Amino acid sequence: MPLLDSEKILEALCEGGDVAKRLPLYEPRQAQLDLLSLIACGFNEDKHVMAEAGTGVGKSFAYLIPAMHFALLNNAKIVISTASITLQQQLYDKDIPLVASSLSDTFGSKKIKTVIMKGRGNYLCLRRLDDALSEPPLFDFDYGELKNIYEWSKTTKTGGKAELAAVPSDPVWSNVCSESDLCLGNHCPRRENCFILSLRKEANSAHIIVVNHHLLFADLSARHSGAGYETSVILPPFNRLIIDEAHTIENAATSFFSEEFSRVGIFKQLGRLLHKRKANRHGLLVRLCAMLPSREDPLENFSDAVNKIRTAAEALDNFAQEMCGSEGIFRLSPAMDEKYLKKTLFPYFKTLRKEILSFTNIIRDITENLDDEQAVDPVVWEIKTIIRRLENIAQVCDVFCKYQKHENDVLWAEKIRASRDPWIVFSKTPLDLSPILKTSVFTPNKSVICVSATLAINGNFTYWASRSGILDDKRPPLYGCFPSPFPYSSAVLLAASTDSPLPDEENYQGFINYAACQIAAIAGGSALILFTSYQSLSSAYNACKGELTSLGIRCLKQGDDDRSRLLQDFLSDTSSCLFATDSFWEGIDAPGTTLKLVIICRLPFRTPGDPVFEARREAIQKNGGNPFMEISLPQAVMKFKQGFGRLIRSSTDTGAVIVLDSRIIKKKYGQLFIQSLPETKVSFDNFNSVLKDIENFIYK
């Protein structure tokens, strides 16, 4: 295997280097060069890498340069995974072409081939579009959208939803998009024009494949479940992987190694099989009946069976909503009264399971007796797929009833309040993902490069490494922290008031409402105000809006608009304040005067009620560990670092981060939060003094 010449590829980022000369106003960054060297060692030595790269280090160039050189030297395939489609597109459209253009100086006419791949649900399935157009839609407005998609399908080269001028509604797109278990493969009548097949052919011959974590774990979970690592699944076979924003992989993997169902999901599957429009029945089962001998007409039996499943799903949902109570959530824990559950909840699961299996057995009896030509008909194929999905739901129902035997799974239910008609989602999630991540991500690959701005806590990788599955006695990973080149010590003020109440004190929310308003008013807006609960956010927003609006400061609140539009409004208005929670703690890039203040209202400890988190805490305690020190505190510190990182996004940015939770000063563990940040100016004093320090700092 030809090895990378680290010194030679480092020259690309030195003054006048192949990459450096293509960047305006480029300045060499030692941290970036050191990170590149570490990643090159990972490739050369077939080792995994965990690297924390502070904001502004330029981690994408630090991994793209060695990755592209290695791929060309060895004719290797390297998968690069990002945390979101937005980051994926940015990498593919901006950074990769720039680095690729520099390779001609070294490799001459030898070209690097790169491909971007998104989840199947982002691409049109022509066969499903044909089916959707051939039968009456569920709603009147569907047909207009379907016609628009049809006209677009004649000209699109990729079939990617992002190309559509008008984004179709979810119900319409879900009926025409590509889905893995609905794919007919070689039997598809539209195979020659398949967008997914064309994309996979491109990926098979590519050196670099850019994906997102969602697609990566869809592929890895299928391989882990038995598809294997030597063949094409969703992605072609690979053994080199770069994971950007690697701090998110545990959350990203959770959904793919979990199972869930809901009344809404069941109704969607049943509606595809059989639904009524006016006086007529439509759906796949109607078309199945048309294939059967005329003396057979099981449609009435189908209808009765479908209605029984609907009734059972509705009954389970209604009872579970009562169990969820005002908190909207419950978990089946070993401490619960099993006798009570056997009398109350479990009969609903058993009835639903029984009705599903009764129905699926009827359908299987019919489909298994079809002739060879009928058996490969797209209608039959899709019916079989839906039957498998329903049978999986029946299996999860059985697991819930036998929860005591599933001590390595978290079994829980949550009320979704997305509409006037809330529903329950029932979930089965692995208690510990690290063994699964180890065997699916790290063991099969020669080198996995994990980079993020937040992987370490005060320079220590223990927490993330233990959660991610990267640790291996036979092949210990390489690691390093690479500090940001930005001048935090002069550009940032970290402030907290010594006289603010603690979060468990009665007047804490009142203080948040008052303090957030005063601080935002001083700066004239340009503030991101971060909360750990939507209830606290709403209280502060309602308390602040009147006064801030009177000062000409626009107040924006998460939940009032689509996330991307809300963020765009905030970025385009320097006199605005954004009140936000959870998802806005990371992924926001607001350089310049758009953002002068980040106000962290509460240290981001997980609030009680998250069933998976609580189950993991209980497991640590059961094994004699300290759940606060082993999971609660390190997780909070990593999220705190993400929130802090929203402020400085360029070398000329300045501003203040204000923490309204005095535990950062008053509690011994507060030092860990502070020590995990870059060195800054500080103001730890009474609130009035802190307010003056903030004003003096931002207007200096």
Side-chain angles (χ1 to χ4, degrees), residues 491-497 500 507-585 587-602 643-650 652-661 680-681 683 685-700:
V492 177
L493 174 70
L494 176 66
S497 63
S500 62
N507 57 340
Y508 177 69
Q509 185 61 49
F511 169 74
I512 295 293
N513 298 350
Y514 169 78
C517 185
Q518 295 299 306
I519 296 166
I522 281 178
S526 303
L528 174 63
I529 309 174
L530 294 172
F531 299 82
T532 58
S533 81
Y534 195 79
Q535 183 178 3
S536 179
L537 181 157
S538 296
S539 174
Y541 175 83
N542 292 332
C544 297
K545 185 180 179 183
E547 184 173 342
L548 293 179
T549 302
S550 69
L551 295 173
I553 298 171
R554 184 184 180 191
C555 292
L556 303 168
K557 176 164 70 76
Q558 184 177 350
D560 284 354
D561 203 348
D562 172 77
R563 185 185 189 277
S564 59
R565 284 194 295 269
L566 198 64
L567 183 56
Q568 191 54 49
D569 285 346
F570 175 64
L571 295 176
S572 62
D573 187 349
T574 57
S575 62
S576 64
C577 287
L578 176 55
F579 293 71
T581 184
D582 202 36
S583 64
F584 283 85
W585 283 72
I588 293 180
D589 197 9
T593 56
T594 299
L595 187 58
K596 298 177 188 173
L597 301 174
V598 172
I599 303 172
I600 296 176
C601 295
R602 187 171 183 150
F644 175 90
R646 296 314 95 212
L647 182 67
I648 301 298
R649 308 304 296 176
S650 74
T652 57
D653 285 355
T654 63
V657 176
I658 304 96
V659 183
L660 300 181
D661 185 339
T680 67
K681 292 184 177 296
S683 173
D685 208 332
N686 64 69
F687 182 70
N688 288 333
S689 297
V690 165
L691 211 56
K692 289 178 183 177
D693 288 344
I694 294 168
E695 184 174 18
N696 291 335
F697 184 81
I698 62 176
Y699 291 112
K700 63 182 178 181

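What you are looking at is a predicted structure, and each value in this text was computed from that prediction instead of being measured.
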Open item on the list: To the closest 0.5 Å, what do you measure between CD (Glu695) and CD (Gln518)?
Closed with: 11.0 Å
- [ ] Would you please name every residue forming a salt bridge (charged side-chain N to carboxylate O under 4.0 Å, His left out) with Arg563, sequence neighbours left out?
- [x] none
Open item on the list: If the test is side chain to side chain contact (heavy atoms under 4.5 Å, CB included), which one of Ile519, Ile600, Val598, Leu691 qualifies with Ile658?
Closed with: Ile519
Task: Sub-4.5 Å side-chain heavy-atom contact between Asp653 and Leu647 - done: no
Open item on the list: Applying salt bridge (charged side-chain N to carboxylate O under 4.0 Å, His left out), can you list everything that pairs with Arg602, at least two apart in sequence or on another chain?
Closed with: none
Task: Nearest atoms (heavy-atom pairs only) where Gly655 meets Phe697 - done: O-CE2, 3.2 Å
TODO: Any chance you could measure Lys545, atom NZ, to Leu556, atom CG, to the nearest 0.5 Å?
DONE: 9.5 Å
Open item on the list: Less than 4.5 Å apart, side chain to side chain, heavy atoms only: is that true for Ser539 and Asn513?
Closed with: yes
Open item on the list: Which heavy atom of Gly645 sits nearest to which heavy atom of Arg649, and what is that distance?
Closed with: O-NH1, 2.9 Å
- [ ] Determine the minimum heavy-atom distance between Gln509 and Ala540, stating which atoms define it.
- [x] NE2-N, 4.0 Å
Open item on the list: Among residues at least two apart in sequence or on other chains, which ones pass side chain to side chain donor-acceptor pair (under 3.5 Å) with Asn542?
Closed with: none
TODO: Indicate the atoms forming the closest heavy-atom contact of Leu660 with Ala516, along with that distance.
DONE: CD1-N, 4.3 Å
Open item on the list: Under the ring pair (Phe, Tyr, Trp, His ring centres under 6.0 Å) definition, can you give me all pairs with a residue in residues 554-579, not counting sequence neighbours?
Closed with: Tyr541-Phe579
Task: Ala520 versus Ile599, closest heavy-atom pair with distance - done: N-CD1, 4.5 Å
Open item on the list: Could you measure the distance from the SG atom of Cys517 to the CD1 atom of Ile512? Nearest 0.5 Å is fine.
Closed with: 13.0 Å
Task: Distance in Å, Arg554 CZ paired with Thr549 OG1, rounded so as to fall on 0.5 Å steps - done: 10.5 Å
- [ ] Would you confirm whether Asn686, through its side chain, and Ser689, through its main-chain N or O, come within 3.5 Å as a donor-acceptor pair?
- [x] yes
TODO: Mind checking side chain to side chain donor-acceptor pair (under 3.5 Å) for Ser683 and listing every partner two or more places apart, or none if nothing turns up?
DONE: Asp693
TODO: Report yes or no: do Asp569 and Ser576 form a side-chain donor-acceptor pair below 3.5 Å?
DONE: no
Sequence neighbours excluded and cut-off under 3.5 Å, please list the side-chain donor-acceptor pairs for residues 521-535, or say none.
unit_1 : atom_1 : unit_2 : atom_2 : d
Ser526 : OG     : Thr574 : O      : 2.3
Ser526 : OG     : Thr593 : O      : 3.2
Ser533 : OG     : Ser536 : N      : 3.1
Tyr534 : OH     : Lys557 : NZ     : 3.1
Tyr534 : OH     : Gln558 : O      : 2.9

Task: Asp661 CG to Ser500 OG distance, which is reported to the nearest 0.5 Å - done: 7.0 Å
Open item on the list: With a 4.5 Å cut-off on side-chain heavy atoms, are Ile694 and Leu597 touching?
Closed with: yes
